[in-house]
Amino acid sequence: MLRRSLLLGASAFVASPAIAKTAAKPVVRVKTIALDPGHGGLDPGALGTVGTQEKGVVYKVARELQAQLQLGGRYKVMLTRGGDQFVPLRERVARAQEAKADLFLSIHADSHPDPYVRGASVYTLSEEASDREAAALAARENHADSMSRTAAEPDPVTRTLVAMTQRGTGNDSRRFADTIVNTFGKGGIRLLPHTHREAGFAVLTSPDIPACLVELGYLSNPQDEKLLTVYQHQMALARSLRGSVDAYFGAQGVTKKA
Ligand code: ZN
């Protein structure tokens, strides 16, 4: 807003100092980020060797990430569940769509029969799983919906993938996954080898919203379990994920919609 200067005549405008500062900034559309802490309520998710529950750990990281993303005023952040609540997977997708999210990040922690397996991993949607473990993980994560009373629709993955291909959402999702792998690597977060993998995750099936699922580590591994409950590590994970979101939008350009 400018205020007209009577002293300088009708054609002249001067900006007040505060207003001039605002006007000098480039126009940046605030992006909406949907954070999806996995599980909740009657579904605890994976359980650690000393009883740590996935639902609690991922909620804390999601809240920390929300706070960090909101700091710069560049993002509006919504969570798909508030507190210790059970929300069916399709409802999570619906909430993100309703908020017109530009990006969707589902946050989990995994479990493995081998207690030595540790490290974070990142997943995107695909009809065909990249490997058996990714397929088994998707089956485990999709199982959450069996706790919901609403009848599950037949597999929405194929239908979603066709729409995603038409809109380029799949490419954006894979690019987002790559930025997470990069920022985790730079932030010293331990990763699984070949960490970006693909499978049919029901929670990643919004055709319009680029989406990833991140497993922050393995609760079945005592070191990972301990780290995931330490506030400093939760902060470090949130910091790296904030860096990934920044890198994703930075590379895309500030005014182009995802
Ligand atoms: Zn999970």
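Whatever order the structure lists them in is the order used to number ligands and atoms, beginning at 1.
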For residues 228-238, dump all side-chain donor-acceptor pairs below 3.5 Å to protein atoms at least two apart in sequence or in another chain.
unit_1, atom_1, unit_2, atom_2, d
T229, OG1, K226, O, 2.7
Y231, OH, E64, OE1, 3.4
Q234, NE2, L228, O, 2.9

The side chain to side chain donor-acceptor pair (under 3.5 Å) partners of Q97 (sequence neighbours excluded) come to S206
For D224, the side chain to side chain donor-acceptor pair (under 3.5 Å) test, sequence neighbours excluded, returns R118
Count of protein N, O or S atoms below 2.8 Å from the Zn ion (ligand 1) equals 5
Smallest heavy-atom separation, S106 atom then D36 atom, equals OG-OD2, 2.6 Å
Closest non-hydrogen contact found for G187 with S240 is CA-OG, 4.1 Å
Name the orientation class of the two ring planes belonging to F176 and Y248 (parallel below 30°, tilted from 30 to 60°, perpendicular beyond 60°). perpendicular
